[in-house]
Structures are given as structure tokens and as C-alpha cells.
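All remarks here apply to the structure that follows.
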Amino acid sequence: MIPELPLTTRHSPLATSFGRKLTPPATAPYSTKFTPMTREIPKAYEPQEIEHKWAQAWYQQQLFRADPQTPGEMFSIVIPPPNVTGSLHIGHMLDHTEIDILTRWHRMRGHNALFLPGTDHASISTQRVVVRQLAAQGIDYRALGREEFEKRVWHWKEESGGEITRQMVAIGDSCDWTRERFTMDPGLSNAVMEVFVRLYEEGLIYRGRYIVNWCPSCLTAISDLETIHQERDGKLWYFRYPVIGTTEHLVIATTRPETMLGDTAVAVHPDDERYRHLVGKKVLLPLMNREIPVIADSFVDREFGTGAVKITPAHDPNDFEAGKRHNLPEIDVMSEDGHMSAAAGAYAGLDRFAARKRVVEDLTKLGLVERVEPHRHAVGTCDRCKTDVEPRLSKQWFVKMKPLAAPAIRVVEDGEILITPENRRTEYLNWMNNIRDWCISRQLWWGLQIPAWHCRDCGGITVARTTPAKCQACGSAHIERDPDVLDTWFSAALWPFSTMGWPEETADLKRYYPTTLLITGYDILFFWVARMIVMGLKFTGKVPFRTVYLHSLVLNAEGVKMSKSKGTGIDPIELNKRFGTDAMRFTLASMAAPGTDIILSDDRLLGSRAFANKIWNAARFLFVNLEKAEASGVTLEELAGPEIRAAAPYRRGAQLELADRWIFSRLAHSVAEVNAALKEYRFHEAAHVVYHFFWGEFCDWYIEWVKPRLTSGSREELLAAWRNLFAVFESALRLLHPLMPFLTEELWHRLPQRAGAKSIALQRFPEIPATLLDPAAEKEMALLQEIIAAARNARADLKLDAKRKVAGDFFAAGDETRTLVQSHLDPILRLASLSTLHILPPGAGRLDPSQGAVRASTGFELRIPFGEAVDLKTEVAKLSKERDRLARDIESKTRRLAEESFRSKAPAEIVKGLETTLQERRAEHHQISERLAQLEKALQLRR
RNA sequence: GGGCGAUUAGCUCAGUUGGUUAGAGCGUUCCCCUCACACGGGAGAGGUCCAAGGUUCGAGUCCUUGAUCGCCCACCA
């Protein structure tokens with residue numbers, strides 16, 4: 001069953017975002033009968049209405065539902081689940097655009113394609129959002145109690161998750177909505193418990209008291225990855241600790257004075273001559289008046305500071321280790337919220353930074369501050385709230401990563417998983433090879449609670465899939481569930497298989513797992529990708545995906561990563577309104593060159609919108625002219641046949657006209673290029689190819705070329721013209737569909753269609769037979785285009801009225817060229833705005849440039865005669881420039897060819913090619929020089 | 001402290017394995033509101049490919065060094 005989209009939340013989906021609600025359409029938006037095409041088509045493409053109509057239709061009809069029973073090649077991809085912290089931002093749009101392009105492409109190529117949607121509970125982030133909301137209402141979340149708080153978050157989740165779903169529908173994600181998942185769904189949470197228990201039973205999950213990264217603002221432990229190191233200008237304080245029983249002082253250096261209150265030793269290097277006599281003695285810890293030992297430990301760096309370091313086992317990971325080695329007491333002088341604890345004596349209750357200041361002041365008064373130096377160092381901050389992280393001693397749950405990492409390294413090294421781009425693969429391997437244990441417990445309320453129960457009687461831990469009745473160790477019923485929840489990435493790590501029903505052996509799991517591909521941003525390579533590989537291998541014995549494509553990030557105009565909290569994000573809804581989803585998708589795709597980040601600009605979006613409009617108007621042209629063809633007896637049925645979809649050229653007799661041969665050949669090339677580009681995730685290239693084909697070739701040349709054929713001629717001629725035009729256009733729509741799904745769907749339905757034509761998305765991607773590749777046609781067409789361009793160029797330089805048709809002269813020594821021009825005189829005249837083109841006989845010789853502007857290229861010369869008022873000087877300047885350019889080129893080529901080393905070492909074809917080119921250049925140069933001479937003579941005569 | 005990426009037209013960026021005159025979009029200049037489209041058509045201008053060395057017959061492309069910008073990783077107090 002497809003879920004109804006909840007429409008009742010006050011956050012109200014499309015009502016606030018995309019302008020309207022999703023309601024079932026009264027009738028299907030496509031015709032169920034043979035479609036008489038809509039003749040009335042607005043002049044400009046207005047995406048809003050159309051996108052909404054199709055988004056809704058696709059969703060309602062479950063158009064992209066995947067069936068494991070369907071045979072054929074499989075393509076499966078799971079979405080990187082967005083956090084339910086609000087709505088999708090522009091960064092997500094890139095994920096979705098790339099995934100959807102590839103999914104649609106595979107589906108159209110006949111593959112059994114699954115795009116599995118879903119969302120992530122995002123433990124810490126979501127909790128923060130709701131806590132802040134409550135605070136805004138004057139509610140302290142702790143006062144609500146855990147249960148009530150969880151209820152509030154679930155409520156928020158329904159809103160946010162619903163909004164995200166609606167956005168995904170609205171931007172045309174071709175997901176299977178029946179398979180939508182959430183990381184806290186019963187099935188997924190079940191998988192999480194299963195994994196936790198198994199890892200615990202194998203000893204790969206353990207609980208222990210260690211120094212962890214603690215956020216005093218979020219009030220939870222966070223992992224190493226969530227700790228962002230920030231370079232900062234700080235200070236290095238030198239403190240004097242009096243050595244007991246002497247008049248000496250031992251000087252230590254520290255960046256964190258406040259932690260000295262918890263010092264339990266001072267360490268020096270065992271080989272350090274300066275301090276050897278002090279080892280074993282005691283120093284008096286100032287302010288606290290505690291006697292602490294001087295110990296020797298080789299972890300001390302003799303070069304740093306004074307070579308003597310204070311040891312605070314409860315507040316520094318190194319000191320913690322040292323403390324363990326030397327059996328030192330651990331004195332925690334801080335509370336969880338970053339204030340000094342009772343153990344800090346007189347400083348209790350002070351904020352840690354206030355305490356720092358006070359400690360320095362007090363020591364200064366005592367004359368125990370030796371000196372202070374500026375010191376640049378890295379400070380850990382919380383990924384979520386940017387608060388300085390406090391290394392804190394606490395009991396947490398960890399995953400032992402080393403044994404799990406080994407296979408995850410192997411599969412990437414072996415190429416069983418392909419990580420692309422290549423440099424990310426290296427990054428992955430480096431990280432995996434230096435992996436450390438993963439702190440997975442979080443002191444939060446929103447999330448998946450750890451399935452462990454503590455015994456109040458014996459202190460034993462019972463880990464179980466379902467709530468146990470008694471303690472596993474002593475049988476006591478006095479057990480309590482561990483209050484902590486799991487790091488949100490723990491459940492995310494299982495996503496590719498938990499979403500498919502694991503640990504059950506479901507049909508989905510068999511058919512769609514391992515997934516084909518993972519597409520996500522490189523910023524979560526370690527957070528997510530690496531851990532999915534680890535967990536996938538551990539629990540399914542298979543890789544979770546065959547290929548990982550890591551795309552760039554979308555940055556704002558300042559080149560900073562988009563962030564909603566910082567207010568630096570671009571609102572995708574705004575973009576959709578202004579440009580349309582298709583334009584946004586196309587823009588993202590066209591900028592998504594692997595390896596470089598994307599800075600989105602209005603200019604590019606405007607360009608894409610213009611492209612959509614261009615296609616719209618090409619279609620409009622077809623539709624408004626079709627009546628004329630129908631009047632001559634061409635029927636819509638004839639334009640809706642399978643030949644259209646097969647892009648089979650319609651030949652009158654055995655002949656296909658040059659323009660048709662050319663456009664089919666170009667189409668075949670374009671399809672091949674798009675396929676090749678998408679295969680290697682070169683979205684920008686695919687976008688460019690389609691853009692150029694549609695606009696630069698189909699619109700600019702083909703349509704213009706065949707225009708007269710569409711409205712006059714015999715029924716047979718009209719049919720040929722229209723069939724070919726439709727075949728190319730229809731194929732081009734399919735070619736474009738993965739990039740611009742809405743526009744193409746709309747136009748496709750406006751084409752004559754057979755009954756029940758549901759969606760272009762379910763049609764085949766164009767497969768153009770290689771026999772349509774026509775190098776001869778491309779060459780001839782290129783020559784004709786060049787001739788037309790030469791005429792236009794000459795016209796423009798003569799500053800002729802663009803509307804005025806003028807006569808031209810044409811000379812070509814080659815018979816073939818003359819024949820070609822003669823047989824395509826009509827389009828040439830039309831496209832170059834010429835009244836006539838006088839083709840001179842081969843014996844006529846060069847065109848006299850004093851009579852007009854001559855433009856020449858390899859094999860031909862074309863002249864537009866000077867009118868009454870002509871600026872010969874401009875013409876001379878133009879030709880001189882061209883002559884100089886040629887001269888430079890000739891010189892460099894001549895020099896190159898004269899080099900013996902080049903001739904002997906370069907491949908023969910390169911040498912030969914260069915020689916040929918050189919000859920051509922010389923000929924051109926000669927012509928231009930001649931022309932210049934004549935022109936200058938003419939100029940003198942005028943004077 | 002390690003590692004990585006970037007530097008190409010006014011702007012934003014492409015440029016596949018080294019090969020003949022380095023491309024696109026936007027902007028800009030000139031001409032056109034021609035019966036699909038001014039979100040348009042036509043024609044131009046605009047680049048010592050960050051710098052210096054090196055390899056090569058040949059370098060935007062490969063190597064070395066440097067400069068500038070950015071990113072990732074990292075328990076030296």
C-alpha cells in the first residue's frame with residue numbers, strides 16, 4: 001500500500017513550500033485514449049503548475065514501485081537519509097538530482113530499478129532542534145521528563161519527515177514510496193538491537209571508563225569525528241610548583257590552567273638530566289596545597305615547554321594513560337556542564353573559562369607564574385554546537401574497530417568496492433588504517449536506547465534483544481535499562497540492509513542487496529560510508545554497495561558550506577519558484593564535475609531556465625504548425641507509431657535528405673556520449689551534450705533547415721518531414737528526461753500518443769543504431785554551415801540591414817562542393833538571408849575582393865558585394881588581422897616541421913597531419929594577401 | 001605535524017590517455033522584437049592556461065620547487 005501523504009500537519013508541506021497541497025487528481029493527467037494533442041500551448045514555459053501536476057501523478061500512481069520479481073538487470077540505490085531536523089536544503093538537492101538522474105536512466109534502459117527513500121532520526125541534531133523550540137516557548141525539556149520529551153520529538157519528526165517526503169515528491173525523485181523507511185521504524189530498530197547484541201556477545205562492543213570528547217552544551221559524549229579541531233591563538237602558561245623539602249621550583253607549562261586543580265603528578269622524561277634529581281620527590285600543588293609526586297615517563301617531550309608536564313588524569317587523554325601506568329588518582333574537577341565541581345575547592349561553581357582566569361590571577365599573586373607565551377594550538381569543538389569540547393572521564397560504550405576494519409580495508413583495496421573519485425579512496429584507506437575505537441553511547445533522550453540493563457544488586461550488565469526479566473549474572477529482578485542512546489550513525493551504518501528487512505532473508509534483500517551504488521557527499525565518507533562498509537561486511541557477509549560516488553558540496557557565493565544554522569544556506573523552495581525544479585536539477589547536474597565544489601549562481605539557473613523554455617518553444621513550434629500538415633492528410637496516428645519511438649528515419653524512396661541524415665547522426669552521437677558520461681558519473685558532460693544537441697543542433701540548425709518542408713509539399717513529403725522531425729524530437733525528449741523529468745513528461749504527453757501511454761519515465765532510453773552514424777553527412781553539413789556562417793559574417797561586417805536580402809557570389813574549385821551548394825541552395829539562401837547565390841564556374845578564378853567582402857575557408861570563397869557606402873578600411877583591417885594570425889601559425893608550423901627530431905620521433909600521422917594543415921594555411925594566407933593587395937589598390941583608386 | 005585539492009576569458013567553470021588554431025555558460029560589443037522562443041536570432045571582441053625550472057620531437061595536461069587560496073586528518077601539554 002502506498003501511504004497517503006499526511007496533509008494535516010500545521011507545517012503544511014507544499015502549502016508552505018511548493019505552493020499547494022498534494023491532493024489526488026480527479027482524473028489521470030494523461031489521456032487514456034489516443035491523444036489529440038493539445039494545440040494550445042503557452043508561449044513561455046511556466047514550470048510551477050506542470051511540475052506539481054506530474055509530481056502528484058507519479059506519486060499517486062506509484063509509478064516507480066520496484067518489484068523484486070521483475071527479471072532483468074538490477075539497479076538499486078538507497079537514499080542518504082536526510083535528518084528529520086527540518087526540510088531539505090540545496091545540498092540535499094545534489095544528492096537527489098544525481099541519484100534520480102541515474103535511477104531514471106537505468107530504469108529507462110530496462111533495468112529493475114529501486115530508489116529507496118527514507119529519513120534519519122539524527123539523534124543529537126534533532127534533539128537540539130526540539131530542545132531549542134521548547135526553550136523558545138519557555139519550556140525546559142528536562143522538566144518534561146524523558147517520556148513526554150520523546151513524544152514531542154516524535155511529533156516534530158512527523159512534521160519534518162512529512163515535509164521532507166513532500167519535497168522529494170515535489171522535486172520528482174523517482175522513489176518507490178512503498179519502501180520508505182525511517183531509522184527508528186520497528187524493523188530498523190530491531191536490526192540495530194540485533195547488531196548491538198551480536199557485537200557485544202563477540203566482545204566487539206564494550207563499556208568502559210575513559211576520557212571521551214564531552215560537549216558541555218549538548219551534555220553528551222561525542223565521537224572523535226564529531227570533534228572538530230580548530231586552530232586557535234592561545235597562551236602557554238609557565239607555573240612554578242614548589243618542590244617539597246627544597247627551595248627549588250619545578251616549572252611546568254600548560255595551556256589549560258584550570259585543570260591544574262586536578263593534577264595528581266608532574267612528569268618528566270626519564271633521561272632528562274635537568275630533572276633526574278627530582279624524580280621520586282614531591283611537589284606542592286599550589287592553590288590546592290596537595291602533595292603530588294614527580295614521576296618519570298617517556299611519553300614526555302623534552303623539547304616542549306620546560307620538559308616537565310603536569311598530569312591531570314581526569315582531564316586529558318595522555319595524562320589519563322600516564323595515570324594508569326603510574327597508579328595515580330583521577331580527580332575530576334569539573335561537572336558535566338563545564339563548571340568547576342566540588343573537587344575544585346574554592347573554585348567550585350565557576351565556569352571553566354572563569355576558573356582559568358581566576359587560577360592565573362591567584363597564581364600570579366602568589367608569584368608562581370614564571371611567564372606566559374603566545375601559543376597557537378588546536379582546540380576540539382563540538383560539530384553541532386561549536387562549544388569547546390571537554391575531555392571528560394566517563395563510562396561509555398565503544399565499538400572495537402580494528403578487527404572490524406580489516407575486511408573493510410580489504411574490499412576497497414581489492415576493488416570489490418570502487419570508491420570514486422580516486423583521491424577519496426586514499427582518504428578512506430588512510431582513515432581505516434588508523435582507525436580508533438568508536439564511542440557509540442550518547443547521553444541523550446532522542447534515539448535508539450542501548451539494549452543493556454544494569455543490575456542494582458550485583459552491578460552486572462545484561463545485554464538482550466528484548467527487555468529481560470532478570471539480571472543475567474545474579475538473577476536479581478532489580479535491573480534498569482541503560483539510559484543512553486546510540487550514536488545516530490550506528491543505525492545509519494546498517495541502512496543499506498536494515499531498510500531491506502535484515503535480519504530476515506527478504507526478497508528485497510536477495511534481489512536488491514548489495515546495492516549497486518551509493519551517492520553521497522564526501523563530507524560523510526567516514527561518518528557514514530566507512531561504517532556502512534564495516535557493518536555490511538560484518539552482518540551480511542557482503543559489501544553494502546559496489547560503487548561509491550562521492551560528489552562535491554554545494555557552497556554559497558562566499559565558498560562556504562551551506563548551513564541552515566548559520567543562515568548561509570540557499571533555500572531550494574525559493575529556487576524552485578523562481579526557476580523551476582528542472583532548471584535547478586539541470587544546473588546542479590551541469591556543474592557537478594567530479595572533484596570540485598559547486599557554487600550555485602543565479603546566472604546558471606537562468607541559463608537552465610532558458611534552456612527549458614527553448615525546448616518548450618521548439619515543441620510549441622511543432623504543435624502550431626501541425627495543423628497545416630494535417631490539412632494535407634497527415635494523420636496523428638502516423639506520427640505516433642513505434643517508428644517514432646524507435647527513431648527510425650522515414651525514407652522517401654531510398655533517399656534520406658542530408659539534414660535528416662545529419663540530425664540522426666548527431667542524435668546517435670549524443671546518445672552515445674550521454675551514456676558514456678553517465679556511466680562515469682560525469683553529469684556535467686551529459687548535461688552539456690544534451691544542451692548542445694537540443695539547442696545548438698536541433699533548434700538552431702535542424703528546425704530552421706526543415707521549416708519549409710513542414711508546411712508545403714505533397715502528403716508524402718509532409719509525412720516524411722514530420723515523421724523525421726517527431727522521431728528526433730521524441731528521442732531527444734527521452735534523452736533529456738533523466739535531467740529534466742517534468743518538462744519532458746509534459747511535452748511527451750502533448751505529442752501524439754497511443755492509448756495508455758503512462759509516462760515517458762517508463763519508456764526506453766534512446767537506442768540509436770550505429771548505422772545512423774553518418775560521417776559523410778556530418779562533413780557535408782559542416783561545410784554548408786561554414787558557408788552559411790561565412791555569408792552571415794560578411795553581411796555583418798558590411799553592416800548590412802539584417803532584414804535586407806542581398807546577392808552573393810560563390811566560388812569553389814572542387815566539383816563536389818559546387819554540387820553540394822547547388823543542391824542545397826534553398827536553405828543556404830534562407831539561413832544566410834541571401835536573395836541569390838551566384839555559383840561561379842570552376843574556371844572563373846578567385847573572387848575579386850575589391851568588389852565585396854570575401855570570406856573564405858578550406859575549399860570555397862564567398863563574396864557579398866559592397867553596397868553604396870562601404871568601409872573598405874574596416875575590411876582591410878579585418879583581413880590584415882587574419883593574415884597576421886595565419887602568418888604566425890605558418891611560421892610556428894614551418895619551424896616545427898623543420899626540426900629533424902620532430903620528423904624522426906613524432907608519429908607519422910602527426911607529421912603528415914601537420915604538413916597538410918600547413919599547406920592549407922599557406923593557401924589561405926596567399927589568398928588573403930592577394931585580396932588585401934587588391935583592396936589596397938582599390939582604396940588608392942578611390943582617393 | 002601529515003595528506004589532499006584548486007589556480008585556464010571580465011565572472012563561474014569544462015578540458016578525457018601529452019599532439020595541429022584551448023572550450024562552454026553568463027556578461028560584454030554590434031545588428032535584428034523575421035509568422036516557436038527577446039528566457040530569442042545573427043555576428044564579434046576577449047586567454048603569456050599562478051611563477052620558475054625540468055622531462056619530451058611536442059606540455060594547460062607529466063616531474064620538481066615556490067606563491068596564493070581552500071579542505072581533510074592529527075591526544076604534544
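The basis for the numbers below is simple: all heavy atoms, side chains too, and nothing from hydrogens, waters or symmetry mates. Computed from a prediction, not measured in an experiment: that's the story for all the values here. In what follows, chains carry the letters A, B, and so on, assigned in the order in which the sequence lines appear, proteins first and then strands, with residues in each chain numbered from 1.
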**Message:** How many whole angstroms separate atom CG of A:Asn430 from atom P of B:C72?
**Reply:** 16 Å
**Request:** For A:Asp602, report the nucleic acid contact type (base, sugar-phosphate, nothing); a contact means any heavy atom under 4.0 Å.
**Result:** nothing
**Message:** Base, sugar-phosphate or nothing for A:Leu606? Non-hydrogen atoms, less than 4.0 Å.
**Reply:** nothing
**Prompt:** Rounded to whole angstroms, how far apart are CZ on A:Arg750 and C1' on B:A36?
**Reply:** 14 Å
**Prompt:** Taking any strand in view, what nucleotide pairs with B:A59 in a Watson-Crick or G-U wobble way, both distances under 3.5 Å?
**Reply:** none
**Prompt:** Among B:A77, B:A36, B:G19, which nucleotide sits nearest the side chain of A:Asp316?
**Reply:** B:A77
**Complete:** Looking only at B:C75, B:A24, B:C57, the nucleotide nearest the A:Pro317 side chain is B:C75
**Item:** Nucleotide nearest A:Arg620 (side chain, heavy atoms from C-beta), chosen from B:A36, B:G58, B:A74
**Value:** B:A36
**Complete:** Among the nucleotides B:A36, B:U20, B:C57, whichever has the atom closest to the side chain of A:Lys905 is B:C57
**Request:** Just compare B:C75, B:A14, B:C76 and give me whichever is closest to any side-chain atom of A:Asn318.
**Result:** B:C75
**Complete:** By the Watson-Crick or G-U definition, both distances under 3.5 Å, B:C75 is matched with none
**Prompt:** Got a donor-acceptor contact below 3.5 angstrom from the A:His315 side chain to the A:Val333 backbone?
**Reply:** yes
**Asked** Parallel, tilted or perpendicular for A:Trp701 and A:Trp705, by the 30°/60° rule?
**Response** tilted
**Request:** Write down the partner of B:C69 under the Watson-Crick or G-U wobble criteria, each distance required to be under 3.5 Å.
**Result:** B:G5
**Message:** If you go through the side-chain atoms of A:Glu685, does one of them form a donor-acceptor pair with the base of B:A24 closer than 3.5 Å?
**Reply:** no
**Asked** Distance check: side-chain N/O of A:Trp695 vs OP1/OP2 of B:A24, anything under 4.0 Å?
**Response** no
**Rounded interatomic separation in angstrom, taking NZ from A:Lys893 and C1' from B:G58** = 13 Å
**Asked** Just how far, in rounded Å, is P of B:U20 from CD of A:Glu920?
**Response** 15 Å
**Request:** Mind checking A:Asn423 for me? I need base, sugar-phosphate or nothing, with any heavy atom below 4.0 Å counting as a touch.
**Result:** sugar-phosphate
**Message:** Any salt bridge linking A:Arg888 with A:Glu891? Criterion: basic side-chain nitrogen under 4.0 Å from a carboxylate oxygen.
**Reply:** no
**Message:** Taking any heavy-atom pair under 4.0 Å as a contact, classify A:Gly913: base, sugar-phosphate, or nothing.
**Reply:** base
**Message:** Checking base pairs now: Watson-Crick or wobble, both atom distances under 3.5 Å. What partners B:C39?
**Reply:** none
**Asked** Is the backbone N or O of A:Arg804 less than 3.5 Å from a side-chain atom of A:Arg795, with the two atoms forming a donor-acceptor pair by type?
**Response** yes
**Message:** Just to be sure I understand the rule, does A:Asn613 reach a base, reach only the sugar-phosphate, or reach nothing, if contact means heavy atoms closer than 4.0 Å?
**Reply:** base
**Fill in**
Assign each of A:Met591 and A:Ile703 the nucleotide of RNA chain B bearing its closest heavy atom; nearer the 5' end lies the nucleotide of A:Met591
**Request:** Compare the minimum distances between each of B:U20, B:A77, B:G19 and the side chain of A:Leu914, then state the nucleotide with the smallest one.
**Result:** B:U20
**Message:** Is the phosphate of B:G25 approached by A:Arg604 (side-chain N or O, under 4.0 Å from OP1 or OP2)?
**Reply:** no
**Request:** Select base, sugar-phosphate, or nothing to describe what A:Glu909 touches, counting heavy atoms under 4.0 Å on all strands.
**Result:** nothing
**Message:** Using a heavy-atom cut-off of 4.0 Å across all strands, would you classify A:Thr254 as base, sugar-phosphate, or nothing?
**Reply:** sugar-phosphate
**Request:** For A:Ala610, report the nucleic acid contact type (base, sugar-phosphate, nothing); a contact means any heavy atom under 4.0 Å.
**Result:** base
**Message:** Once you apply a heavy-atom cut-off of 4.0 Å, does A:Lys805 come out as touching a base, just sugar-phosphate, or nothing?
**Reply:** nothing
**Fill in**
Taking B:A74, B:U12, B:A36 as options, the one with an atom nearest any side-chain atom of A:Lys707 is B:A36
**Request:** Looking only at side-chain atoms of A:Arg436, point me to the closest of B:A74, B:C37, B:C75.
**Result:** B:C75
**Donor-acceptor contact below 3.5 Å, side chain A:Asn617 vs main chain A:Arg620** = no
**Asked** What about A:Lys614, does its side chain sit under 3.5 Å from the base of B:C39 through a donor-acceptor pair?
**Response** no
**Message:** Does A:Phe526 reach a base, just sugar-phosphate, or nothing at all? Heavy atoms under 4.0 Å.
**Reply:** sugar-phosphate
**Polar side chain donor-acceptor pair, A:Glu920 to A:Thr917, under 3.5 angstrom** = no
**Earlier contact from the 5' end, RNA chain B, for A:His375 and A:His229** = A:His229
**Side-chain heavy atoms of A:Thr420 within contact of A:Val548, under 4.5 Å** = no
**Request:** Would you indicate what A:Arg792 reaches in the nucleic acid, counting non-hydrogen atoms under 4.0 angstrom: base, sugar-phosphate, or nothing?
**Result:** sugar-phosphate
**Request:** Check whether any side-chain nitrogen or oxygen of A:Lys43 sits under 4.0 Å from OP1 or OP2 of B:C37, and answer yes or no.
**Result:** yes
**Prompt:** Looking for any heavy atom pair under 4.0 Å, which part of the strands does A:Arg885 touch: base, sugar-phosphate only, or nothing?
**Reply:** base
**Message:** Can you confirm whether the side chains of A:Asp263 and A:Thr312 place a donor and an acceptor under 3.5 Å from each other?
**Reply:** yes
**Any A:Lys803 side-chain N or O less than 4.0 Å from OP1/OP2 of B:C33** = yes
**Asked** For the side chain of A:Lys799, counting heavy atoms from C-beta on, which of B:C75, B:C30, B:C37 is nearest?
**Response** B:C30
**Closest listed nucleotide, where the reference is the side chain of A:Asn793 and the choices are B:A77, B:G42, B:A43** = B:A43
**Prompt:** If pairing requires Watson-Crick or G-U wobble contacts with both distances under 3.5 Å, which nucleotide is the partner of B:G23?
**Reply:** B:C13
**Asked** Looking across every strand, which nucleic acid part, if any, lies under 4.0 Å from A:Pro391 by heavy atom: base, sugar-phosphate, or nothing?
**Response** nothing
